[in-house]
Visitor: 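Let me give you the structure first, and then I'll get to my questions.
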Protein chains: 2
Amino acid sequence: MTEISTLGYALLGMLAREPLSGYDLAQRLDLPVGQFWHARHSQIYPELKRLSRARLLTHEKVAQHDRPDKKVYALTDRARERLREWATAPVEAAGKRDELLLKVYSMWLADPEAAARLIRAHEAQHEAQLRAYRAHEANLHAHHAAQLRDPRSPWFATWATLKRGLGYEAEYVAWCRWLAESLESATSR
Amino acid sequence: MTEISTLGYALLGMLAREPLSGYDLAQRLDLPVGQFWHARHSQIYPELKRLSRARLLTHEKVAQHDRPDKKVYALTDRARERLREWATAPVEAAGKRDELLLKVYSMWLADPEAAARLIRAHEAQHEAQLRAYRAHEANLHAHHAAQLRDPRSPWFATWATLKRGLGYEAEYVAWCRWLAESLESATSR
DNA sequence: GGACGCATGTAATAGGTTACATGATTAC
DNA sequence: GTAATCATGTAACCTATTACATGCGTCC
């Protein structure tokens, strides 16, 4: 049985919902508003080849009149089965990494005013992300309200990861505010 | 001016508080209860050499009677200055990665009961982490209450990162509970 | 003609994990 | 003696980022 990388499962997970091209996958997985995984096209194209060789994906060339042709990938039955097994298999809690927190750890060396500015900048970033997630959630409720209660629906899964994103960003913003206020009140005194 | 990697800053950040050996650093940065960064000894020892070559660290050999000798590293003034500048320099928000969330994204394919078990297991893990953080916080308040209000104190910085850890884990636990309950109520019906 | 978005790839490098290796000292 | 902790290192491998590279089609 062929090994499948985490990135592989990320791609299979998206293709299980709808067939997509490498470019489509790259757009969804690139920096913007993905949730808890990301990848660049330079990692995606070779991975699609590997998965195809392992007979986990099929692809068909789709000719387009208005833009370049593309390859649209779809799951095989084997892949869907592998994905289903993986989805509930035990996994270690991720070792989180956040460079901002590393900076905060050494921030006592620096000017509190400069520190507060950095934290305020991140507060704004996470607030923007939170607003985007909220808009996404409103959209989900508006168009797929019925499916959101069914754990067998992909919309439910989308909602579940989105809720985690909402909680994550809301907590991050609250923490930024607390920290920035602490730093600012120290400055004013 | 020599480039310093993020890992380098992690090591400098710890050494700015107290001189430590590679082994000490590895213990603090290894899997256990670090907060938002981790590394293995195989990454740490070579990095200590690099930082030493760049004259950012000094080390002295410390002979021990009861156990093997060790090298204890300390910051140079240049390193402390570099660390201080880095601490408030702009940084992009981290692209978060969490394999559990990736699984949740494809969980609609699987048996909701199996899914609920996986989520409950993570709930327990994050609860345990939360308890550990709470104990750490109580300890901080008991022994360093005065310094916790001073942004120029390393104890304040420790508290700030710890608070982020507390918020993160509390939110994670709450989300696990919500999701597990949703999955379980679907099963019982 | 040039910029931009679509579309697909490869190569070089950096960052990180796992495994391999060695040796001292203490406790059982 | 042998397992466990302290202590330091290297090598092989995998993952991920950045940069290089190409080409089509549309809009200005």
Side-chain angles (χ1 to χ4, degrees), chain A residues 2-11 19-32 34 36-54 57 59-73 91-99 102, chain B residues 2-11 19-32 34 36-54 57 59-73 91-99 102:
Chain A
T2 337
E3 281 293 316
I4 303 179
S5 67
T6 308
L7 172 64
Y9 283 113
L11 300 178
L20 294 167
S21 69
Y23 187 82
D24 296 330
L25 287 162
Q27 281 210 312
R28 285 165 170 73
L29 275 169
D30 235 38
L31 304 176
F36 291 92
W37 209 263
H38 56 94
R40 306 287 167 88
H41 76 274
S42 61
Q43 212 187 345
I44 291 168
Y45 288 115
E47 185 67 23
L48 288 171
K49 275 198 179 169
R50 237 170 291 143
L51 292 168
S52 297
R53 266 202 307 275
L57 291 180
H59 67 272
E60 67 176 318
K61 277 160 199 143
V62 175
Q64 300 181 115
H65 42 286
D66 54 333
R67 41 182 116 160
D69 299 353
K70 60 178 174 178
K71 294 188 203 169
V72 173
Y73 290 86
V91 61
E92 292 302 309
K96 33 189 193 303
R97 273 199 171 112
D98 185 338
E99 199 176 345
L102 201 56
Chain B
T2 338
E3 281 294 314
I4 303 179
S5 66
T6 309
L7 172 64
Y9 284 113
L11 300 178
L20 294 166
S21 68
Y23 186 83
D24 295 330
L25 288 162
Q27 281 210 312
R28 286 165 169 72
L29 276 169
D30 236 38
L31 303 177
F36 291 91
W37 209 264
H38 56 95
R40 305 288 166 88
H41 78 273
S42 60
Q43 213 187 346
I44 292 168
Y45 287 115
E47 184 67 21
L48 288 172
K49 274 197 180 169
R50 239 171 290 144
L51 293 169
S52 296
R53 267 202 307 274
L57 292 181
H59 66 272
E60 68 177 317
K61 277 160 199 141
V62 175
Q64 298 180 116
H65 41 287
D66 54 334
R67 42 183 116 160
D69 299 353
K70 61 177 173 179
K71 294 187 202 169
V72 173
Y73 290 85
V91 63
E92 292 302 308
K96 34 190 192 301
R97 269 195 176 118
D98 185 337
E99 199 177 343
L102 201 57

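Keep in mind the model is a prediction, meaning the values are calculated, not measured. The sequence lines fix the lettering, A, B, ..., with proteins before strands; numbering per chain opens at 1.
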Visitor: Is B:R40 close enough to C:dT18 that one of its side-chain N or O atoms is under 4.0 Å from OP1 or OP2 there?
Guide: yes
Visitor: What is the distance from atom NE2 of A:H59 to atom OG of A:S21, rounded to the nearest 0.5 Å?
Guide: 12.0 Å
Visitor: Can you tell me the distance, in whole Å, between the CD atom of A:E92 and the P atom of C:dT17?
Guide: 14 Å
Visitor: Whether B:R97 contacts D:dT17 is assessed here as follows: a side-chain N or O lying under 4.0 Å from the phosphate OP1 or OP2. Is that the case?
Guide: yes
Visitor: Considering just the side-chain nitrogens and oxygens of B:K49, establish if one lies under 4.0 Å of OP1 or OP2 belonging to D:dT8.
Guide: no
Visitor: Measure from CZ on A:R67 to P on D:dC27 and round the result to the nearest Å.
Guide: 11 Å
Visitor: May I ask you to verify if any side-chain N or O of B:Q64 is less than 4.0 angstrom from the OP1 or OP2 atom of C:dA24?
Guide: no
Visitor: Is the phosphate of C:dC6, meaning OP1 or OP2, less than 4.0 Å from a side-chain N or O of A:Q27?
Guide: yes
Visitor: The side chain of B:S42 lies closest to which of these nucleotides: C:dG16, C:dA19, C:dT26?
Guide: C:dA19
Visitor: Rounded to whole angstrom units, what separation is found between the CD atom of B:E47 and the P atom of C:dA14?
Guide: 13 Å
Visitor: Rounded to whole Å, how long is the line connecting atom CG of A:D66 with atom C1' of D:dC24?
Guide: 11 Å
Visitor: Please work out if A:S21 contacts a base, only the sugar-phosphate, or nothing of the nucleic acid, heavy-atom cut-off 4.0 Å.
Guide: sugar-phosphate
Visitor: Remember a base hit wins even if backbone is also touched, and classify B:T6 as base, sugar-phosphate or nothing at under 4.0 Å, heavy atoms.
Guide: nothing
Visitor: At less than 4.0 Å, is any side-chain N or O atom of A:Y23 found next to OP1 or OP2 of C:dT8? Yes or no.
Guide: no
Visitor: For a quick check of understanding: with a heavy-atom distance under 4.0 Å over all strands, which category does A:H41 fall into, base, sugar-phosphate or nothing?
Guide: base
Visitor: Whether the side chain of B:D69 engages the backbone of B:Q64 through a donor-acceptor N/O pair (distance < 3.5 Å, no angle test) should be reported.
Guide: yes
Visitor: Rounded to the nearest Å, what distance is computed from the CD atom of residue A:Q43 to the C1' atom of nucleotide C:dG9?
Guide: 14 Å
Visitor: Calculate the interatomic distance between B:D69 atom CG and C:dA24 atom P; express it in whole Å.
Guide: 11 Å
Visitor: Is the distance from OP1 or OP2 of D:dG9 to the nearest side-chain N or O of B:K71 less than 4.0 Å?
Guide: yes
Visitor: Quickly work out the B:D30 CG to C:dT18 C1' distance and round it to whole Å.
Guide: 12 Å
Visitor: Measure from CZ on B:R50 to P on D:dT10 and round the result to the nearest Å.
Guide: 11 Å
Visitor: Identify the two heavy atoms, one from B:E47 and one from B:G8, that lie closest to each other, and give their separation to 0.1 Å.
Guide: OE2-CA, 3.5 Å
Visitor: Between C:dT17 and B:H38, is there an OP1 or OP2 to side-chain N/O distance shorter than 4.0 Å?
Guide: yes
Visitor: Are B:E60 and B:K71 side-chain neighbours, meaning at least one heavy-atom pair lies under 4.5 Å?
Guide: no
Visitor: How far apart are the C-alpha atoms of A:I44 and A:Y23, what are their side-chain angles, what is the distance that settles it, and do they pass the side chain to side chain contact (heavy atoms under 4.5 Å, CB included) test?
Guide: CA-CA 9 Å; A:I44 291 168; A:Y23 187 82; over 6 Å; no
